[in-house]
Chemist: 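Input: one structure, supplied below.
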Amino acid sequence: MKKLILGLLVFVSSYGSAQDGYKLWLQYKTVDDAKLRQHYSELNEAISLDTTSSTGKVIQKELKLAMQGMLSQKPQFSEENPTLLIRKVADLPKNLKPKQNLIDSINDEGFSIQTIPSKSTAKILITAKTDQGLLYGVFTYLKQLQLHKDLTELSITDSPKIKKRLLNHWDNLDRTIERGYAGFSIWDWHLLPNLIKQEYIDYARANASIGINGTVLTNVNASAYILQKNYLEKVKALADAFRPYGIQVYLTARFSAPIEIGGLETADPLNEEVRQWWKDKATEIYAEIPDFGGFLVKANSEGQPGPNNYNRSHVDGANMLAEAVAPHDGIVMWRAFVYSDEKPDDRAKQAYTEFVPFDGTFKDNVLVQVKNGAIDFQPREPFHPLFGAMPETPLMMEFQITQEYLGGMSHLVFLPKLFEETLQEDTFSQGKGSTVAKVVAGSLTDTQLTGIAGVSNIGNARNWTGHPFAQANWYGFGRLAWNPELKAKTIAQEWLGMTFSTDPAFVKPMTSLLLDSREAVVDYMTPLGLHHMMAEGHHQGPGPWVKDLGREDWTSVYYHKADSLGIGFDRTATGSDALSQYAPEIEKAYSNIETTPEKYLLWFHHVPWGYKLKNGKTLWYNLARHYQDGVLEVEKMINTWEQMKPYVDEIAYKKTEMLLSIQLEEAQWWRDSCLLYFQQFSKMELPDFIPKAPHTLKYYESIRDPYAPGIKPSWD
């Protein structure tokens, strides 16, 4: 019995000190190098900071937490001989004010961090035009300490390139999360507004540390109830908690709310009573939350109500809501993820068809929010053609951080690689070099209102995101939202160093693992431009055989079009002609099967099974090669992770190890079931390197998972 009790005590002690993931990338671990710690201690001994504002107070709290964790030092906040000065530009003494060109180079959220040489001890100056800029500057400064950087010649000047940097929570009021894989919603609506959980504060801290400045609290498949007075009081409580961290709150607006909670008989956007109802609702919201950000709207898509119900346009609906929030400096984010009820010739064309005719007609406070690709957050898609086709309309990028189509929480996938790939695609909209990043940042057209959104992967799991490495996707989105030109490799190195270890023996191999992980998933799920082949409804696991659903474009067979002749969706002039929605430079190159990038081959062409690719091998051979390479890459990831055990906490190590084993099983499942399915059409033998599948195709087709995570549960 004594041995059992002792064992339990050891377990509890070890668990209590374990890296459970709650602190995310703000670990503030002790700086072990004595010389470096002394260097940092001297520079952070006395801090000059104005704490009269709420943001100043949270900066002070963060500095105390960080210095105690990294340096075992309690900093002194004093105006006498400070070694770290944190001041707005307007409050700096004349001898410390930066040059005017530096001041002009930063915007209201930007900052400057400089080492000021001294005959005795050098000083660090963090300055900005606003408290929010100071907050971002302090988090960037603390990152330098976390990454063990030399501070003797520090010189950083930075500003966000995109104005609105938001998380979109697909959280429902009953705390379920659509496409959520980390538990229930962190918003405990039942206990709000009276209970402000520590998680809300730490959520705000984490977002501020990576420059996110807004959050949409509710699902795009919206409930009108969030707009009722009792819920607005709850929203106000969250807004008050987030405000010191520079984070605005936004809500989704259900288009039929005037009927459902307003007692009107219509939601027609041209009806004067409806227009007045929204104006009154906006006034009510802003009376409670003066810095309320505005509305996100999903309309006339997947059964959601919208202006088309009344034979009105998307412009009519968006501009009506824009008029309601405009007097309060609010914005409307109108999603372009729409498709008509009629049978489409190509789902990929519909957003372009519906929105391009309205270019330049949306009000100035409207952002059209466009998914990165024209289908639906696939492991790989070409960039959405809208990004090169609406120069008179601010377009807001929508990425999905949660892994709806990339294995949920059980697959390690570093999504900044996907985000970077999309952002660096060339639209040619204003000649060569007109990248998607430049469109979103507004630099091509001098657009003032710019935005980017990431569909959240956050739940009430202790480590926030379910998979320990899914945190990197939240972090990476924030970093790219701040600077869409940033490299995924830089993001990976930062996150690994801050979260686990700065040791190059850890960071170098793990950076390679992260950067290769997304391509592995593409290979074992949807290689060579295949897409939308996931299981029905929940999208967990393969389903290339899915057909006969309510809509043809909800099925897998609609997208891969496998038959005895070949596989792939012809989007050239001989097919759906979706390719004509892109710039002539892209259309010309991709119309020719020989000059189409192989990663998009089956997206744009129906290719014969025996067609020879650039390596001289048939399409069928290459398809099998990619599926197998994806599996082999997961095996490589497992081998790499095994070598990382000395650098990682035991619990984090073990959980990742188990999840990687699940990923390997599921990668093999994808490979075996997809190749067996497509072999029916190709009638060709599998190459020798493909192992014999453990089950028959009929077995794989029979797999059902009605309680898979990520969809609203049925309690029957």
Chemist: Just by distance, with hydrogens left out, do Asp171 and Ser185 show a side-chain donor and acceptor under 3.5 Å apart?
Modeler: yes
Chemist: Consider only side-chain N and O atoms of Ser41 and Gln73, and report whether a donor and an acceptor are under 3.5 Å apart.
Modeler: yes
Chemist: Quick one: are Ser209 and Leu26 in side-chain contact, heavy atoms under 4.5 Å?
Modeler: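 Yes, close enough: below the 4.5 Å cut-off.
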Chemist: Looking at CD1 of Ile116 and CG of Leu85, how far apart are the two atoms once the value is rounded to the nearest 0.5 Å?
Modeler: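 Those atoms lie 6.0 Å apart.
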Chemist: Do Leu154 and Leu151 have side chains that get closer than 4.5 Å, going by heavy atoms?
Modeler: yes
Chemist: Taking NZ, NE, NH1 and NH2 as the nitrogens, is one of them in Arg87 or Glu79 under 4.0 Å from a carboxylate oxygen of the other?
Modeler: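 Salt bridge: yes.
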Chemist: Does a donor on one side chain and an acceptor on the other come within less than 3.5 Å for Tyr475 and Glu494?
Modeler: yes
Chemist: Is any side-chain N of the basic residue among Glu109 and Lys129 closer than 4.0 Å to the acidic one's carboxylate O?
Modeler: no
Chemist: Should Asp33 and Arg37 count as an ion pair when the cut-off is N to O under 4.0 Å?
Modeler: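 No, Asp33 and Arg37 are not salt-bridged.
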Chemist: So if I apply the side-chain contact (heavy atoms from CB on, under 4.5 Å) rule between Leu423 and each of Leu486, Thr435, Leu480, which one comes out positive?
Modeler: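 Answer after filtering Leu486, Thr435, Leu480: Leu480.
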Chemist: Is the Trp25 ring parallel, tilted or perpendicular to the Trp474 ring (thresholds 30°, 60°)?
Modeler: perpendicular
Chemist: State whether Arg205 and Glu62 are salt-bridged, where the test is any N-O pair (Lys NZ or Arg NE/NH1/NH2 against Asp/Glu carboxylate O) under 4.0 Å.
Modeler: yes
Chemist: Under 6.0 Å from the ring centre and within 45 degrees of the ring axis: does the NZ or CZ of Arg462 meet both conditions for the six-membered ring of Tyr22?
Modeler: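 Arg462 over Tyr22 ring: yes.
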Chemist: Check the side chains of Trp482 and Asp158 for a donor-acceptor pair under 3.5 angstrom, ignoring hydrogens and angles.
Modeler: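 Trp482 and Asp158 do have a side-chain donor-acceptor pair below 3.5 Å.
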Chemist: Go through the side-chain N and O atoms of Gln403 and Asn473 and say whether any donor and acceptor fall under 3.5 Å apart.
Modeler: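 Yes.
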Chemist: Any side-chain donor-acceptor pair under 3.5 Å between Tyr203 and Thr215?
Modeler: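 The answer is yes; a qualifying pair exists.
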Chemist: Quick one, Ile452 and Phe477 - any side-chain contact, counting heavy atoms below 4.5 Å?
Modeler: yes
Chemist: Are Trp334 and Phe362 near enough that their ring centres are under 6.0 Å apart?
Modeler: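 Judged by ring-centre distance (under 6.0 Å), Trp334 and Phe362 do not meet the cut-off.
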